[in-house]
Amino acid sequence: MFTINPERFLADLHRLRQFGVAGVGKGVIRPAFSAADIAARDWLAERMTEAGLAPHFDPVGNLFGMAEGQSLLVGSHSDSQPEGGWLDGALGVIAGLEIARAARDAGAPRVSVVSFQDEEGRFGVTTGSAIWSGGLSLDVADRQTDRDGVTFADARAAMAHIAKGFVDPARFTGFLEMHIEQGPWLDQAGEAVGVVTDIVGIRDMRITFDGEQNHAGTTPMHLRRDAFQGLARFNSLINERFRNVVTPRTVWTIGHVRLHPDAHSIVPGQAVFSMQWRDGDGDRLRRMEQIIRATAEEVAAQMGLGVGFGDMLGLEPVPMAARLRDALCESAEEIAPGRWRRMQSGALHDATNVSRLMPAAMLFVPSIDGISHAFAEDTGEDDLVTGLRVLAGAAARVVRV
């Protein structure tokens with residue numbers, strides 16, 4: 001068993017929160033490649049050096065703290081949502097750092113640490129780990145834009161002066177990621193940790209309806225080619241057409257809408273919106289895509305609109321690796337007997353991408369009231385430390401193998 005230092009772990013978590021601190025609750029504003037994000041990564045690199053690890057920034061901003069030789073990789077991401085919580089991703093990175101230090105102190109320095117870039121999707125879906133794992137080409141990623149039109153290529157240029165090559169995944173024997181649950185189940189049950197069995201798949205793309213911009217006061221309703229009305233019609237139809245395809249666990253979201261020219265007295269000539277859907281069954285995800293495309297094309301034809309589809313981004317559902325998952329279960333039963341469960345992840349994580357390259361597994365700790373992706377996100381410090389102990393116990397079991 002590795003001997004972790006809870007005080008040092010919690011102090012580092014609170015220090016990381018200061019990069020992009022929001023001033024509301026414990027929230028942070030640290031989107032990928034923002035000044036706060038880059039400063040946080042520089043600080044993390046210093047902490048890695050102090051822990052005896054070699055920091056390495058790759059071309060897309062992923063930060064690795066490398067142990068010598070082959071090692072177990074532990075980590076997550078440190079970027080945040082535009083309005084995010086202090087633990088989402090950051091918890092897994094600081095947990096990895098503390099376990100690497102504990103492994104070194106135990107004379108088994110075979111743990112490396114990673115903070116992946118843009119997990120939160122400023123430019124796509126888990127961008128940094130998707131590129132590193134080969135699931136997303138750099139050429140395609142560089143064309144992706146954020147909501148303000150900034151390209152991924154332009155954003156990552158801010159770190160070009162410290163970037164080196166991509167890390168060879170053969171350096172690592174497996175990947176462990178600890179994360180807040182981002183849901184209510186552990187908190188409601190009063191349980192300490194959840195061992196993830198599998199991660200759902202996700203699809204994400206932008207859809208554009210092109211209509212005709214015109215005067216809002218003088219254009220008769222029957223002559224309008226209103227792009228927003230196309231979006232409204234699409235949203236109504238898609239909910240009906242999914243009814244006999246989805247399950248109670250399936251989710252879909254239109255989370256971002258941009259109208260042009262976005263003015264009170266102008267009929268919108270264009271509506272660009274995000275369409276995201278998640279499910280644990282790959283075939284269902286593909287069927288939903290067919291329905292989405294067919295419905296958008298039908299609406300466009302009926303309302304005299306043009307329609308376009310952006311690049312399809314997404315990941316397949318992924319089961320966790322049995323050996324690493326079993327190590328987490330054994331450690332959970334030792335540290336928190338009767339207070340843990342096996343559970344599916346409905347949220348997306350870097351472990352999905354990393355599983356293409358090596359065995360991967362995940363551990364959850366409770367989220368108070370199930371809140372995440374918000375300034376109110378929080379977890380009790382006792383639960384944070386319990387999760388760290390479980391993760392460290394699993395890492396020790398794996399490193400001994």
Side-chain angles (χ1 to χ4, degrees), residues 30-38 40-42 44-45 48 54-66 73 75-82 89 92-93 112-172 175 177 199 201-206 208 256 272 274-276 285 289 308-316 318 348-358 360:
R30 198 167 58 228
F33 297 109
S34 64
D37 172 61
I38 294 174
R41 289 175 187 276
D42 287 340
L44 283 167
M48 290 172 176
H56 180 108
F57 289 96
D58 75 9
V60 296
N62 297 321
L63 169 60
F64 291 83
M66 307 286 290
L73 184 63
S76 188
H77 64 96
S78 54
D79 63 302
S80 82
Q81 287 284 334
V93 176
S112 294
V113 185
V114 65
S115 174
F116 288 112
Q117 182 59 292
D118 195 28
E119 192 273 354
E120 295 292 7
R122 177 183 171 188
F123 296 96
V125 179
T126 61
T127 313
S129 60
I131 295 168
W132 184 59
S133 68
L136 176 66
S137 74
L138 189 55
D139 286 345
V140 171
D142 276 344
R143 296 198 303 268
Q144 301 301 319
T145 59
D146 68 5
R147 61 191 302 165
D148 297 318
V150 178
T151 67
F152 182 72
D154 287 340
R156 70 184 182 93
M159 300 183 69
H161 63 291
I162 55 175
K164 302 176 184 177
F166 286 103
V167 172
D168 183 357
R171 290 283 301 271
F172 309 116
F175 177 62
E177 181 175 7
I199 303 173
I202 184 173
R203 298 290 186 272
D204 191 294
M205 69 176 174
R206 290 179 181 173
T208 300
H256 174 62
V272 181
S274 64
M275 184 71 203
Q276 184 185 100
L285 290 171
E289 179 187 351
F309 302 95
D311 291 333
M312 171 65 72
L313 304 175
L315 299 168
E316 292 299 312
V318 171
L348 195 64
H349 300 285
D350 290 308
T352 299
N353 293 314
V354 180
S355 68
R356 294 192 184 98
L357 304 173
M358 65 193 73

Nearest heavy-atom neighbours spanning [X] and [Y]:
X: A360; Y: A351; answer: CB-O, 4.0 Å
X: P59; Y: K164; answer: CD-O, 3.0 Å
X: F116; Y: N62; answer: CA-OD1, 3.4 Å
X: A45; Y: L63; answer: N-CD2, 3.8 Å
X: R147; Y: R206; answer: N-NH2, 4.3 Å
X: V125; Y: A130; answer: O-CB, 4.0 Å

Whether the side chain of [X] engages the backbone of [Y] through a donor-acceptor N/O pair (distance < 3.5 Å, no angle test) should be reported.
X: S274; Y: H256; answer: yes
X: H56; Y: G165; answer: yes
X: R143; Y: L138; answer: no

Spatial distance of atom [atom1] ([X]) from atom [atom2] ([Y]) [nearest 0.5 Å]:
X: H349; Y: S355; atom1: NE2; atom2: OG; result: 12.5 Å
X: F175; Y: S133; atom1: CZ; atom2: OG; result: 11.0 Å
X: F64; Y: F172; atom1: CZ; atom2: CZ; result: 5.5 Å
X: E289; Y: M312; atom1: CD; atom2: CE; result: 3.5 Å
X: F152; Y: Q117; atom1: CZ; atom2: CD; result: 7.0 Å
X: T127; Y: L136; atom1: OG1; atom2: CG; result: 7.0 Å

I'd like to know if R156 and D118 make a salt bridge, using a cut-off of under 4.0 Å between side-chain N and carboxylate O.
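Result for this pair is no, no salt bridge flagged.
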SB check D37 R41 (cutoff 4.0 Å)
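So D37 pairs with R41 through a salt bridge.
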Can you confirm whether [X] sits close enough to [Y] that some side-chain heavy atom of one is under 4.5 Å from a side-chain heavy atom of the other?
X: P169; Y: M358; result: yes
X: R122; Y: V150; result: yes
X: I202; Y: T126; result: no
X: V167; Y: W132; result: yes
X: D79; Y: F33; result: no

Under the criterion side chain to side chain contact (heavy atoms under 4.5 Å, CB included), I'd like the reasoning laid out for L313 against Q144: C-alpha separation, chi angles, the key distance, then a yes or no.
CA-CA 10 Å; L313 304 175; Q144 301 301 319; 4.0 Å; yes
